[in-house]
Amino acid sequence: QVTANVGAAGGIVGMNSASSTVENCIGNGSVTSNDGYAGGVASENYGTIRSCSVGTDNTDNRVTLITRNKTAAGAICAVNYKGGTVQGAVLGDHITISGSAFILGAVVGDNSGTVTETEVSQQPTYSVSASTLQVGGAVGINRAGGTVSKVKVTSDFEKFTKYTYLGGVVGQNNASGKVTECTYSGTIDEGKSAVGNCYGGIAGLNGGLLQGSTVSGLTLTADGVYTATSTSSAAEKERLSSHIGGIAGKNDTTGIIEQ
């Protein structure tokens, strides 16, 4: 078990620097930062994390990752910065992500680098205090310049009511972010929606590029909301409704979806 009162806390390294590599490591211990990011391998990544796993212990031992006073959390690392790469990650089925973060990804919470060649067959259990969450099956938010490629997610999101943006692969793909050759299959079940919420098989909200990605075997159920009236403008109708789609819940003005 790793605990930091302040700052970075990681199961293998606290922070992985640029030009550094963490490879073939296993994180099966709980990690807590009482004032910072926590991750199963590293809290923050500027370098390369390759072929590492978290929560794959065959016993009933749970890996609990607690991030406090920061925005993002993920099982491999909370934040993957520009120039950082997470490749070939493996997640077990005994992971709980807790604390105050609201940008949540099974692999990476907040990505400006590259996440690639990863399969997610089981979502972590999220037990967080925030009430409006951005959640992705692999990445919570993919920012400008970030790339998520060749990621396969085959897991379910069920009986949860705190989603603002929920995507089978990424919760939100920002302008100039790229999601390519990714796949999702599974069940997305939102207990109660709200205006502005976005749910999609690949991305909840897309403002970047979704390219060559596929959704198969999707069951998406949400209690949609529409509070506009007959006199509402087009912009108001968009703002006052929830958005649900097989590929993206909402494709924003900068968004591109193509094969």
Where [X] and [Y] come nearest, the two heavy atoms and their spacing:
X: A106; Y: A75; answer: O-CB, 2.9 Å
X: S213; Y: V179; answer: OG-O, 3.8 Å
X: Y163; Y: N197; answer: O-ND2, 2.8 Å
X: I257; Y: A248; answer: CD1-CB, 4.1 Å
X: S43; Y: A9; answer: CB-O, 3.4 Å
X: V22; Y: C52; answer: O-SG, 3.6 Å

Stepwise side chain to side chain contact (heavy atoms under 4.5 Å, CB included) test for N34 and V6: CA-CA 6 Å; N34 289 317; V6 178; over 6 Å; no
Just by modelled atom types, is the [Y] backbone N or O under 3.5 Å from a matching donor or acceptor in the [X] side chain?
X: D156; Y: T187; result: yes
X: N174; Y: I141; result: no
X: T32; Y: I66; result: no
X: N61; Y: N28; result: yes
X: D252; Y: T254; result: no
X: S121; Y: T154; result: no
X: T67; Y: Y37; result: no

Would you say the side chain of [Y] lies within less than 4.5 Å of the side chain of [X], judging by non-hydrogen atoms?
X: I188; Y: L166; result: yes
X: T214; Y: E181; result: no
X: T21; Y: R50; result: yes

Is a side-chain donor-acceptor pair under 3.5 Å present for [Y] with [X]?
X: S149; Y: T116; result: yes
X: S155; Y: Q123; result: yes
X: S112; Y: R143; result: no

If hydrophobic clusters are built by linking Ile, Leu, Val, Met, Phe, Trp and Tyr wherever their side-chain heavy atoms come under 4.5 Å apart, do [X] and [Y] end up in the same one?
X: L65; Y: I12; result: yes
X: I76; Y: Y81; result: no
X: V135; Y: Y165; result: no
X: V79; Y: I49; result: no
X: L218; Y: V170; result: yes

Heavy-atom neighbours of K250 NZ exceed 12 at 6.0 Å: yes
Parallel under 30°, tilted from 30 to 60°, perpendicular over 60°: which one fits the rings of F157 and Y184?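 Tilted.
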In N80, D110, V148, the residue satisfying side chain to side chain contact (heavy atoms under 4.5 Å, CB included) with V139 is V148
Side chain to side chain contact (heavy atoms under 4.5 Å, CB included) partner of L133, chosen from T164, I103, V128: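 Going through the options one by one, the only one that passes is V128.
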What's the separation between atom CG in N111 and atom NZ in K82, rounded to the nearest 0.5 Å?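 If I round to the nearest 0.5 Å, the distance is 13.0 Å.
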Atom NZ in K178, atom CD in Q211: separation rounded to 0.5 Å?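 Answer rounded to 0.5 Å: 8.0 Å.
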Please say which of T96, D93, D57 ends up in a side chain to side chain donor-acceptor pair (under 3.5 Å) with R62. T96
What's the verdict on side chain to side chain contact (heavy atoms under 4.5 Å, CB included) for V86 and N45, showing C-alpha distance, side-chain angles and the deciding distance? CA-CA 8 Å; V86 175; N45 180 53; 4.1 Å; yes
Set out, in order, the CA-CA distance, both residues' side-chain angles and the distance that settles side chain to side chain contact (heavy atoms under 4.5 Å, CB included) for V215 and T183, then state yes or no. CA-CA 6 Å; V215 173; T183 63; over 6 Å; no
Could you go step by step and tell me if H243 and Y199 meet the side chain to side chain contact (heavy atoms under 4.5 Å, CB included) rule? CA-CA 6 Å; H243 306 272; Y199 316 97; over 6 Å; no
